[in-house]
Amino acid sequence: MSRLLHGRVIRSGEARGEAIVSPEPIGFLGGVDPESGRVSEKGHPLESQSLAGRILVFPRGKGSTVGSFVIYRLARQGVAPAGMVLAECEPIIALGAIMADIPTVDQVDVGQIRTGDRVTIRADEVIVE
Amino acid sequence: MDGLRLTDEERAMLAGEHGHGVRRAMEMVIALARIYGATELVPIKSAQVAGVSYANIGDAGLEFLRQWADEGARVRVPAMLNPAGMDLLAWREMGTPEPFATKQLEVVEAYQHMGVLPTCTCAPYLLERCAGLGDHLAWSESSAVAYANSVLGARTNREGGPGALAAAIVGRTGCYGLHTDPARCPTELFEIAVAPASASDWGALGAIIGRASRGVPYLRFSGHAVQTVADLAAADLRDGMRALGAAAAATGSVALFHLEGVTPEVRLGQVAAPTGEAQVVESLAPAYSLLDGEVEALDLVAIGCPHASLEQLETVSRFLEGRRAAIPLWLTVSRAVAERARASGLAESLEAQGARLVADTCVVVAPMREMGVGAVATDSAKAASYLPGHQGVQTRFGPLERCLEAALRGTWQ
């Protein structure tokens with residue numbers, strides 16, 4: 001059974017992958033290791049888990065604006081998320097997604113998605129299986 | 001599904017008809033416009049781009065700038081750079097580590113490749129006429145944003161570095177926030193019963209306002225302070241408001257203030273004093289005790305945050321007449337101001353007095369600890385609020401004369 005969610009396009013494109021859902025905001029500068037793509041923030045619900053190739057589902061970004069460049073760096077290292085789905089995107093994540101060419105949608109009811117779900121982002125649609 | 005209207009040209013940029021670099025820039029401008037609820041984009045007159053120090057943006061930032069330049073991104077309005085992490089010419093003799101310097105030069109080169117002017121200053125408004133009343137801008141540096149909005153009556157939000165550069169590449173930014181009339185209306189009234197007697201006093205006032213304000217402060221001097229401020233020379237008032245805006249932005253989130261009888265939107269009747277009770281400022285002492293540290297032996301005295309004006313350099317030289325600093329005394333300026341001081345002979349006098357004109361950088365962004373500096377005195381409330389936390393540098397904060405006395409002795413007294 002699949003569900004169709006709608007959102008607002010931040011960075012257009014199509015991406016497919018396994019969802020990794022964070023109940024907490026993510027700060028990329030200092031919170032995600034740019035070489036490995038693993039969450040490095042101590043005590044974060046996703047600590048030590050890899051974001052590489054997955055659809056990252058989270059409420060919003062946080063922290064330093066240099067986080068945009070960290071998202072870009074992840075993509076260059078080949079360890080970035082394949083796509084991002086947020087409740088509310090702020091400029092750090094938006095600019096990082098555009099720099100790194102990562103399809104991203106916000107204003108999505110992220111409570112509908114569980115870690116391990118198969119998720120497809122297509123323009124403003126998020127398909128959850 | 002959203003209310004953002006684009007012109008045909010803007011749609012063409014988004015569709016990639018002007019190349020991939022322009023498309024990426026338009027995607028950024030549109031994403032920000034949507035996030036902030038803009039209904040249209042507005043043409044900008046200039047951009048001022050932060051994210052220059054290599055210490056800040058790192059290899060990831062450098063790589064991205066190079067890629068964007070390779071994609072054909074070029075600015076279409078005048079765009080200026082914020083300070084870098086070093087003097088771009090004199091870095092070696094100033095002790096900047098070479099690996100850092102190499103990367104820093106590459107960052108500036110990448111920006112230049114896109115057509116950004118390597119002004120490397122937080123105070124571009126001092127020499128160039130880059131902003132006027134009602135002009136829309138995309139500026140990054142918080143002190144310049146406060147000055148442009150408040151003193152020049154131009155309109156800019158505080159843009160992040162990549163956002164400002166994207167705006168320069170498409171020549172537009174989203175019409176939201178301080179680009180719109182409602183957001184420029186004062187929200188809080190401050191009555192100031194003390195007349196600032198120096199740039200550090202203006203900065204201390206800014207620190208008080210910055211910590212107290214949640215919106216757009218409207219400042220009104222009261223009692224004897226009204227006449228004292230009215231009697232100030234134009235350059236002193238300007239430099240005072242620079243210090244005020246810089247400190248209010250650094251200690252809070254002030255991007256626009258109005259000053260009764262002085263700033264243009266008040267004088268033109270475009271905004272009026274907010275109703276309701278005023279918050280009264282009777283003393284600047286709380287800001288001094290907050291920003292002044294305890295260290296006595298100093299490594300460096302730093303004047304010029306925001307970057308000093310020619311008039312401020314003249315004041316320093318007059319004070320030091322016939323004397324010579326015992327420890328490094330940095331006067332941080334834009335290269336344009338440094339060149340003017342060189343042409344008039346002022347730079348030579350200052351150097352004979354033991355001062356150094358440092359261009360392109362400042363003590364907030366240069367790698368001070370790596371350069372062996374652990375204790376600084378400054379007359380800048382902004383620098384004093386950043387140095388201990390951001391740079392791990394012990395800091396004394398006081399009026400210019402006291403800082404210069406400290407430079408002559410090497411200790412704070």
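Proximity of a side-chain donor or acceptor of B/R24 to a complementary backbone N or O of A/M99 within less than 3.5 Å is detected. Using modelled atom types, no side-chain atom of B/R34 and backbone atom of A/I10 make a donor-acceptor pair closer than 3.5 Å.
For a residue to count as touching a neighbouring chain, one of its non-hydrogen atoms must lie under 4.5 Å from one of that chain's; by this rule B/I35 touches chain A with backbone and side chain alike. With a threshold of 4.5 angstrom between heavy atoms, A/E88 does not approach chain B through any atom at all.
Between A/I98 and B/A31 the shortest heavy-atom distance is CD1-CB, 3.7 Å. Looking at every heavy atom in both residues, B/E63 comes nearest to A/Y72 through O-OH, 3.5 Å. Among all heavy-atom pairs drawn from A/F69 and B/G61, the shortest one is CD2-CA, 3.5 Å.
The closest side-chain heavy-atom distance from A/V66 to B/I57 is not below 4.5 Å. Side-chain contact between B/F64 and A/S68: absent, with no pair of heavy atoms (C-beta onward) separated by less than 4.5 Å.
In this structure, OG on A/S64 lies 7.0 Å from CG on B/N56, to the nearest 0.5 angstrom.
The number of heavy atoms from other shown groups lying within 6.0 Å of CZ (B/R76) is above 12.
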